[in-house]
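Every chain is numbered from 1, with letters handed out A, B, ... down the list of sequences.
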Amino acid sequence: MADIFEKCVNWKDADLAKLAGHYAYYRVIQETDGTEVLIDGKRVIMACSNNYLGLANDPRVKEAAAEASRKWGASTCGSRVLNGTTELHDELDHKLAEYLGREAAVTYSTGFGTNVGVLSSLILRKDTIFADRMVHASLVEGIQAALGDCKRFRHNNMDDLERLLASADPESGKLIVVDGMYSMEGDLANLPKIVELKEKYGARLFVDDAHGFGVLGEGGRGSGEHFGLHDQVDLQMLTFSKSLASIGGCIAGPKEVINWLKHKSRPLVFSASMTPGAAAAALKSLEIIKAEPERRARLWDISERFHRELRGMGFDTSPSVTPVVPVVIGDQTLCLAFWRRLTDAGMFASPVVKPAVEKELVRTVYTATHTDAQIDRSLEIFQRCGREMGIIPYKRPSTRVEVKMARPGCNGFYSSAEDGITAISVERSPVKGSLGVGEVLQQAGRPLGERISDAMEIVTWRALNAGPEDVKRLAELPSTLWQQRRRLRTKLMGAGVKLLQRRQAGARSAERE
Amino acid sequence: MVQPVVTEHPAAAGQSARPDPEVEVVSVQSGLEKDAFIRLQWQINKGDRNWVPPLLMERHEFLDPAKNPFFKHSEVGLYLARRGGEPVGRIAAVNDRNFNAFHGSKAAYFGLYESVNDPGVAAALFNAAKAWARWRGLDSMIGPMNLSTNYDCGLLVDGFDTPPYLLMPHNPYYYADLFGACGLKKSKDLYAFERTAAEPPPEKFASIAEKVRKREGLLVRPVNLKDFEGEVTRLKAVYNAAWEKNWGFVPMTDAEFDKLARDLKQIVAPGLCLVAEAHGEPVAFSLTVPDFNQALKHVDGRLTTFGLPLGLAKLVYYSRKIDRVRLMALGVIERYRKRGIDAVLVVETIRRAQELGYRGGEISWTLEDNHLINRAIEACGCVRHKTYRIFETPVE
Ligand SMILES: Cc1ncc(COP(=O)(O)O)c(C=O)c1O
């Protein structure tokens, strides 16, 4: 009989990562002011929160939360339907609906719950969801909980979406589900085209504006406002854990739909409401977002500067057009090692690996309250670590692809990787490295004989074509090795971890037999 | 004289292809991806007995920015199309900054094209290349250029029945149809002429050439391989001056010229590269090389088999058996043009080739509207046997 816990006992990936010094998660923060945090007793620059406008540490917001806790207590101890709706919750519903210009809105206690709750209660047997392949995990969870069918289209690939829409049953209800702003790569949903398709095929549109709200559009109302298509978005979802500097989620749309959700959506009915403190903080933040657009402008300014400088150094930051600036590394071990070096040098950024993204990257986000000096320091750290790890060249590339930013009014694009093709800083690629013997030998899928034979081919060619420069390079080998020592160490470590993992997997399957 | 018919492809007149949604086009970056990109050529062309496999490693070096000086002034994007994980097509998009600066244009090239016979794949590839070009602010695309007119270029549209000569392209017959279906239009045709060396140049032609030589006081001599560096410097100036006004021409950078010279040095036959000097100044040159393809054909792109240098040995063996040559470049500087100096060099080349025991050769390529040259070539007994086409398309 199989023990349900067995897989957990055998799962050692995280332990291996810790062993290699590459474990990046569940770090304990000892102190924070929003721009810098204390970790392991060391001050580091915070570049991975989603506190876009810096409101989480704003005295006014903190005070509002404290005041509400004093007045209403620490928790409501009940769900929205029964005893969990205080005046604060009601006010928040109305203020949000009003600001978003929608008929009604309702708040959940997390953004995650909102997405699950909306999709699972709205999508019945005959309905079909058309979701981007890169939508947030909470939407994936909602899709799995929903009764209807789901079709996923390639990320922002409108031809793919159209093909799926065209081949779907014309009788079924259709809901297109996208993130307004993608949280890892920083590109936007191609709303102009999606709206066109939605109208052509009679579908409804759900936009998760968790990251877009407070950041995109003249008034910070999100991706719909940015593209001038606010009214064409049928359902807009927000979370409070980003710009609104609190915790909770909200869905806004037609009043009949909101009414349906209020009675059918399980996370709303069977989960306690937001704490009064959280509701008050969100209310206060909303007020500040309305009153202080300069925070948004500051966020765009520093992110644009940071992004431009990174590209100038030769980092691959495609396809971001927003304050989320991903640094694409493309190799898991190297990505984690790079993160490790950044941390040691005083940066707190987040490494993101497969399957959350297609290519491993280090994600950075700054907040409106970061100072110019902090940005300078970050840039210096990125440049130093990037060079030491061989991610960027020592010499600054002479050319680069211009950075695009989806500031208010700049709505002619949704990604700096149009038509699904990534824009890459020039010097690093598109065509880079040469075929190395090591690479050829490591190819897992091919017979060893072929690999060796190919390696011999390379060696023979090189020997035949060796010129005076090659001899010179050979003489420089020791110093090159010394410069690249960190990279070598990482590579060795990565190989070691892989080997251990494989041994383990082997042992596991042997045990089963 | 037999005039081959250039086929006009029906697909060129209209119906447009749409990208197949099942096809994924990915940009090629790492060495291994490049390997897949290069090997696709084998998969596509394997069945064609006239196709000559290039050397695998030579292709790698050609696409290596660290080795190929072309990448110093150009930006190249390589794309591989896959269906269900299997490679089915490839394309390169090129921004040759020297070309655009020279012609004041904003054109991209496409090149290195290979694909299965499927308009959906072709359309997906061209979409990728166009997006690449659009992103760089370029407004039109010409090709195939592999990767510029200084290397091989053009799509074979007529004359599929014989193997190509050295550094000339060869491709499946259906590419022209695919290009047409993707909205590409003919831009220019390039001609290749062939003749046997067995018979001497026609009497009349030879005597005219002799007269020209006397009149201009030309000294025609083979390139001195012993003073290689010096000759290269002298010829570079002639090369770049001679081609200036031509359609599609890009001046070679010093590094490019040196690399080409170095590569060709390994295969040139002494005595076939000629320089014409008037009053001690080089005014024209011709570059004729043995058709190394005849040797390459035997090794299937590899120098080694199971680590043994069998390919290399075969190359050395078969390179002794080469019996054709290709006259690949002939340039006359501006002041001396239209005086028949080209005829002098052609006659001299034929004579020398005959002496060295070659059985025939090709003169390629020439522009279709360079009537003066084309007529002269035909007058000396050559027959047009292959037609290559350059296509163009706007990047909207
Ligand atoms: C796009 C997106 N949707 C939903 C959520 C979930 O929000 P919450 O953190 O409020 O649960 C997140 C947060 O990570 C998100 O990035």
Does any heavy atom of chain A fall under 4.5 Å from the side chain of B:L308, the backbone, both, or neither of them?
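Neither; nothing under 4.5 Å.
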Give, as side chain, backbone, both or neither, the part of B:E61 having an atom under 4.5 angstrom from any heavy atom of chain A.
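Interface part for B:E61: side chain.
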Between A:I452 and chain B, with a heavy-atom cut-off of 4.5 Å, which part of the residue counts as in contact: side chain, backbone, both or neither?
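Looking at A:I452, nothing touches chain B.
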Interchain contact, A:D454 with chain B, by part (heavy-atom threshold 4.5 Å)
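Both parts, backbone and side chain.
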When only pairs under 4.5 Å are counted, which of A:D160, A:I458, A:D159 shares the most heavy-atom pairs with chain B?
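It is A:I458.
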Between CZ of A:R163 and CZ of B:R18, what distance do you get to the nearest 0.5 Å?
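Output value for this atom pair is 11.5 Å.
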Side-chain donor or acceptor of B:R302 paired with backbone N/O of A:S453 under 3.5 Å:
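Answer holds: yes.
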Decide if atom CD of A:E358 counts as having more than 12 heavy atoms of other residues, nucleotides or ligands within a radius under 6.0 Å.
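Atom CD in A:E358 is not crowded, with 12 or fewer foreign heavy atoms closer than 6.0 Å.
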